[in-house]
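When reading the values below, keep in mind they use all heavy atoms of this one structure, side chains included, and skip hydrogens, waters and symmetry mates.
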Amino acid sequence: MASSKVGVEMEKLSVEQLKAFKEQTDLEVNLLQDSLNNIRTATSRLEIASSALQDLSNRPLGSHMLVPLTASLYVPGTLDDADKVLIDIGTGYFVEKTMAEGKDYCERKINLLKSNFDQLIEVATKKKSVADDATVVLQAKLKQLAPASS
């Protein structure tokens with residue numbers, strides 16, 4: 001019902017207003033798509049971190065490994081205490097947690113991101129529908145104007 005009301009409102013817009021409205025909704029759809037991609041990337045990184053925690057908890061003390069300092073810089077290290085981990089909570093801040101708390105943190109963040117992803121999908125789908133409706137109305141208006149100008 002709300003979609004038909006939007007359609008009726010779009011019918012009242014001029015061609016220029018309709019073009020501007022369509023451009024705005026297309027821009028919003030693109031921004032939502034970017035946000036969806038960012039959430040997918042963050043979820044993937046958290047899933048990798050969660051599996052790394054699982055792998056780390058299975059290693060014996062004294063194991064030699066490479067420790068990441070940045071995305072491309074690793075230094076050699078030795079596993080001293082597998083029960084304590086540093087969790088990156090954002091903007092360069094780290095918190096020391098137990099292994100169980102670290103796994104729980106990752107799972108909670110993954111669930112939050114998946115929930116946000118589902119909500120964003122709904123919004124993006126509605127916006128895309130509105131953008132498609134605007135395209136249809138714009139094309140119809142342009143067809144009406146074409147015979148008048150001939």
Steps toward side chain to side chain contact (heavy atoms under 4.5 Å, CB included) verdict (Ser51, Asp55) = CA-CA 6 Å; Ser51 75; Asp55 180 51; over 6 Å; no
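- Val123 and Val130 are assigned to two separate hydrophobic clusters, defined by single-linkage of ILVMFWY side chains at heavy-atom distances under 4.5 Å.
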Test log, rule salt bridge (Lys or Arg N to Asp or Glu O under 4.0 Å), inputs Lys114 and Asp118 | CA-CA 6 Å; Lys114 286 182 178 179; Asp118 293 340; over 6 Å; no
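- In the hydrophobic cluster analysis, where Ile, Leu, Val, Met, Phe, Trp and Tyr join through side-chain heavy atoms closer than 4.5 angstrom, Leu73 is grouped apart from Leu66.
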Show which side-chain atoms of residues 17-28 pair as donor or acceptor with protein atoms under 3.5 Å away, not counting sequence neighbours.
unit_1	atom_1	unit_2	atom_2	d
Gln17	OE1	Ser14	N	2.9
Gln17	OE1	Ser14	OG	3.4
Lys22	NZ	Asp26	OD1	3.4
Lys22	NZ	Asp26	OD2	2.5
Lys22	NZ	Thr135	OG1	3.3
Gln24	NE2	Glu28	OE2	3.1
Thr25	OG1	Phe21	O	3.2
Thr25	OG1	Lys22	O	2.9
Glu28	OE1	Lys127	NZ	2.5

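- Counting only heavy atoms from C-beta outward, the side chains of Asn116 and Leu112 approach each other to under 4.5 Å.
- Interatomic distance, Lys141 NZ to Leu138 CG, rounded to the nearest 0.5 Å: 9.0 Å.
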In residues 77-90, what donor-acceptor pairs under 3.5 Å come from side-chain atoms, sequence neighbours left out?
unit_1	atom_1	unit_2	atom_2	d
Thr78	OG1	His64	ND1	3.4
Asp81	OD1	Asp83	N	3.1
Asp88	OD1	Gly90	N	2.9

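- The shortest heavy-atom contact between Ala124 and Leu32 is CA-CD1, 3.7 Å.
- Between Lys103 and Leu53, the shortest heavy-atom distance links the atoms N-CD1, 3.8 Å.
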May I have the list of side-chain donor-acceptor pairs in residues 92-100 shorter than 3.5 Å, sequence neighbours left out?
unit_1	atom_1	unit_2	atom_2	d
Thr98	OG1	Glu101	N	3.2
Thr98	OG1	Glu101	OE1	3.4

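- Atom OG of residue Ser115 and atom CD1 of residue Ile39 lie 9.5 Å apart, to the nearest 0.5 angstrom.
- Note that the CZ atom of Phe117 and the CD1 atom of Ile110 stand 14.0 Å from one another [nearest 0.5 Å].
- Taking CG from Leu46 and OG1 from Thr41, the interatomic distance works out to 11.0 Å, rounded to the nearest 0.5 Å.
- Cluster membership check: Leu13 shares its hydrophobic cluster with Leu142, using side-chain heavy-atom separations under 4.5 Å among Ile, Leu, Val, Met, Phe, Trp and Tyr.
- At least one donor-acceptor pair closer than 3.5 Å links the side chain of Asn111 to the backbone N or O of Glu107.
- The backbone N or O of Ile121 lies less than 3.5 Å from a partner atom in the side chain of Thr125, making a donor-acceptor pair.
- By the criterion of side-chain heavy atoms lying less than 4.5 angstrom apart, applied directly or through intervening Ile, Leu, Val, Met, Phe, Trp or Tyr residues, Leu36 is not grouped with Leu31; the two fall into different hydrophobic clusters.
- Arg45 contributes atom CZ, which lies 12.0 Å from atom CG of Leu113 (distance to the nearest 0.5 angstrom).
- Taking OG1 of Thr43 as the start and CG of Asn38 as the end, the distance is 10.5 Å to the nearest 0.5 Å.
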